[in-house]
Asks: 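Handing you a structure now.
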2 protein chains.
Amino acid sequence: MDVSTVTIKDVAALAGVSPATASRVLSGNPATSPQARERVAAAVKQLEFQPNAQARSLRSTRTDSIGLLVSDVRNPFFADLAHTVEQSALAAGYVTLLGNANERTDQQDRYLNSLISRRVDGIIVAPQGGDSASIRALIKRRIPTIFVDRVIADIDLPSVTTNSDTGIRQAVAHLAERGHTRIGYIAGPQSISTGRERYSAFTRAIAATGLSADPALIYVGDFQAASGSAAVHALLSLTDAPTAIIAADSLMAVGAVAMLQRLDLRIGEDIALVAFDDIEWFSLLTPALSVITHSVEDMGRIAVQLLLQVIDGQHPQSVVLPSELIIRASSAGAAHATLPPSSRKN
Amino acid sequence: MDVSTVTIKDVAALAGVSPATASRVLSGNPATSPQARERVAAAVKQLEFQPNAQARSLRSTRTDSIGLLVSDVRNPFFADLAHTVEQSALAAGYVTLLGNANERTDQQDRYLNSLISRRVDGIIVAPQGGDSASIRALIKRRIPTIFVDRVIADIDLPSVTTNSDTGIRQAVAHLAERGHTRIGYIAGPQSISTGRERYSAFTRAIAATGLSADPALIYVGDFQAASGSAAVHALLSLTDAPTAIIAADSLMAVGAVAMLQRLDLRIGEDIALVAFDDIEWFSLLTPALSVITHSVEDMGRIAVQLLLQVIDGQHPQSVVLPSELIIRASSAGAAHATLPPSSRKN
DNA sequence: CTGAAAGCGCTTACAG
DNA sequence: CTGAAAGCGCTTACAG
């Protein structure tokens, strides 16, 4: 007998009960006799029965699965987030279907539609860009959904985000204290909430400390490594170049490090660098990178919590997590004037 | 009308056709009239109809989804693999459900069972450890399955793996040429095929070059960072410590780097280091890390290709990809005697 | 505690 | 090219 075609009927027949009873035993319904439980269990084992999740959820409308849509799996922050979400969900009995938007709205829409078609019980999404038809569709269908890390401005859904203000303020204050007056900022895309928020946190911090608010010190990147490299090159080509740089995410920081190395600049001496997002690797660089840290574990765990509450019919409050500066060698030194790339070997 | 309850019957009613015709239009069956196509399309749009994938696959036995089980999403190699698999699958019209075994057999089994229940069309798996009931179940059920990166010894399934021999031989030869005679090796777990294979490639290379085959030079780790740190500490505590170390994966290499830094050893001068797996970050370290590279893009792309062939009823040959040494500063210097940790500040 | 029956939302021979 | 009908593998009121 082809084991792949074993159905609950086969189990029921072997156990000598009706499919209904077999189903009850399988789903842990207490209205079953010990004998029935025993015999069904034996039959399941003997036939290696695996219930068909499709059929089950077609009838019961539950799938015991959630969707997680991240912006970019290759970004260590989102890889870590995927990991914690998945572990938390597993502990609650849910399987996580992971989708990767690849920082593109079209792929986000494709995955979201696919998750809708699969009738996941809920979705955790780190949304791309601005408005999106597929996210509106989630709301229209009343599919339990929460935002993580990022939000979409006029869509009112529970979320877990980071208050970037504290960490960025601490970073700017710290750099000011080390004598930096012109701090460059590599911003994230302004179509993404974290990009906007960290940007405004930076400008507020600059204003509060009375440092140069020269708009030329701000370079808007796209949260990917290449834009971090481009940013460093542009910022250091200024006549009055910054002596310190803050990057709004880890990938752009990676690009910044690569370009600084290519320009033969010594990080922490010739120029200070601080990255948003604390990635394990940053502490291994020479010098170790100062970072603005926020807890990806908390974010993932709380995201699952909130989603389960929404699935349960509740209306949980959004949660905002703190951020904090960790000072390492890349920003520990005093400010020095930075030479433009053109005057150095490249 | 609650948009989430729109079914194909509603679409058919609005379009003035039968559900059968609506279904044919939806699935692109050519046996449909232009009028039917047009009116169904209009109804779908107006009602924002999303077909229920569960119901569809219950009847048609296809789900247009594949499963990918990786060993550890937080390992950049597997994150990259997930990315390329997903992109290739998407191009072929499949959605990828990603599961994370977290280097644990029990989680692997849980996900595999869940993927079976969801009736994915095929599964790509980087298997944990040795034999596994859930992997045997895949075969019994004749679920198209292929191995990627790792294999299980006596299970005969198509696979895409790396021939680690070339790269490791090049690495050993390169280190020998630089004057190293005692090369330490941080092995992966011997329960995993890549762990075993790279280990034997190393011992073969050592034998071929006539270097020290002292068993004390080999430390067996678990492919995680912490074991790389422990390995470095153990190897450098030897009376006759190695002057060069090869780590069998990127995570153990990260641990090795962290420990070498903690011991205040200068990589590339006091001790040479080579890592298996080429991770973007490795070139940013100071000094940049020499690596044994193999193409994760090819691996992911080919894995999807093979799986589609298996789904199509074919019996594709396994593919073995090449590996190659990339020499950077971490191994460029000449060999020096290495002092044990006890004689240094820690 | 149990079984017969209906139905979840689709698809697919079958007949026309 | 189209529709009525059966059925995919489950679950769940309903009646006993």
Asks: Can you give me the closest heavy-atom contact between A:Ile123 and A:Val120, atom names plus distance?
Replies: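 Taking every non-hydrogen atom into account, CG1-CG2, 3.6 Å.
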
Asks: Which heavy atom in B:Ile8 sits nearest to a heavy atom in B:Phe49, and how many Å separate them?
Replies: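 Looking at all heavy atoms of both residues, the shortest contact is N-CE1, 3.6 Å.
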
Asks: Mark yes or no for whether B:Asn29, through its side chain, and B:Ala31, through its backbone, hold a donor-acceptor pair below 3.5 Å.
Replies: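 A pair under 3.5 Å: yes.
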
Asks: Considering just the side-chain nitrogens and oxygens of B:Ser23, establish if one lies under 4.0 Å of OP1 or OP2 belonging to C:dT11.
Replies: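 Checking C:dT11 against B:Ser23, a side-chain N or O does come within under 4.0 Å of OP1 or OP2.
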
Asks: I need the single residue from A:Val148, A:Ile66, A:Val160 that forms a side chain to side chain contact (heavy atoms under 4.5 Å, CB included) with A:Leu307. Which is it?
Replies: A:Ile66

Asks: Looking only at the side chain of A:Arg59 (C-beta and beyond, no hydrogens), which of the listed nucleotides D:dA6, D:dG9, C:dT2 gets closest?
Replies: D:dG9

Asks: Dot-bracket for DNA chain C: what is it, with Watson-Crick or G-U pairs under 3.5 Å, [ ] where a pair crosses earlier ones, and | for a pair to another strand?
Replies: |||.||||||||.|||

Asks: What's the closest nucleotide to the B:Asn52 side chain, out of D:dG9, D:dC1, C:dG9?
Replies: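 My answer, after comparing the listed nucleotides, is C:dG9.
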
Asks: With a 4.0 Å cutoff (strictly under), does any side-chain N or O of A:Ser18 reach OP1 or OP2 of C:dA4?
Replies: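 False: A:Ser18 side-chain N/O out of range (4.0 Å or more) of C:dA4 OP1/OP2.
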
Asks: Looking at C:dG7, D:dC8, D:dG3, which one has an atom nearest to any side-chain atom of B:Leu58?
Replies: D:dC8

Asks: Does B:Ala101 offer a backbone N or O that forms a donor-acceptor pair with the side chain of B:Gln128 under 3.5 Å?
Replies: no

Asks: Please measure how far the C1' atom in D:dG16 lies from the corresponding atom in D:dT12, and state the result in whole Å.
Replies: 16 Å

Asks: Taking the minimum atom-to-atom distance to the side chain of B:Thr7, which one of D:dA4, C:dC10, C:dG3 wins?
Replies: C:dC10

Asks: Of the nucleotides C:dG3, C:dC8, D:dA6, which has the atom closest to the A:Val17 side chain?
Replies: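 When the side chain of A:Val17 is considered, C:dG3 is the closest of C:dG3, C:dC8, D:dA6.
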
Asks: Identify which nucleotide among C:dG3, C:dC10, D:dC1 has an atom closest to any side-chain atom of A:Ala20, counting heavy atoms from C-beta outward.
Replies: C:dG3

Asks: If each of A:Arg37 and A:Pro19 is mapped to the nucleotide of DNA chain C with the nearest heavy atom, which maps nearer the 5' terminus, i.e. the 5' end?
Replies: A:Arg37

Asks: Would you say A:Ser57 places a side-chain N or O within less than 4.0 Å of OP1 or OP2 belonging to C:dC8?
Replies: no

Asks: Given that B:Gly16 and A:Ser27 both sit by DNA chain D, which one's nearest nucleotide is further toward the 5' end?
Replies: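 The residue whose closest nucleotide sits nearer the 5' end is B:Gly16.
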
Asks: For a quick check, tell me whether the side chain of B:Arg24 and the base of D:dG3 share a donor-acceptor pair closer than 3.5 Å.
Replies: yes

Asks: Does A:Arg56 put a side-chain nitrogen or oxygen below 4.0 Å from OP1 or OP2 of D:dT11?
Replies: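 Looking at the OP1 and OP2 atoms of D:dT11, one of them is under 4.0 Å from a side-chain N or O of A:Arg56.
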
Asks: For A:Ser57 and A:Arg119, which I'm curious about, is there any donor-acceptor pair between the side chains at under 3.5 Å?
Replies: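 Their side chains do not contain a donor-acceptor pair, so the 3.5 Å distance test is not met.
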
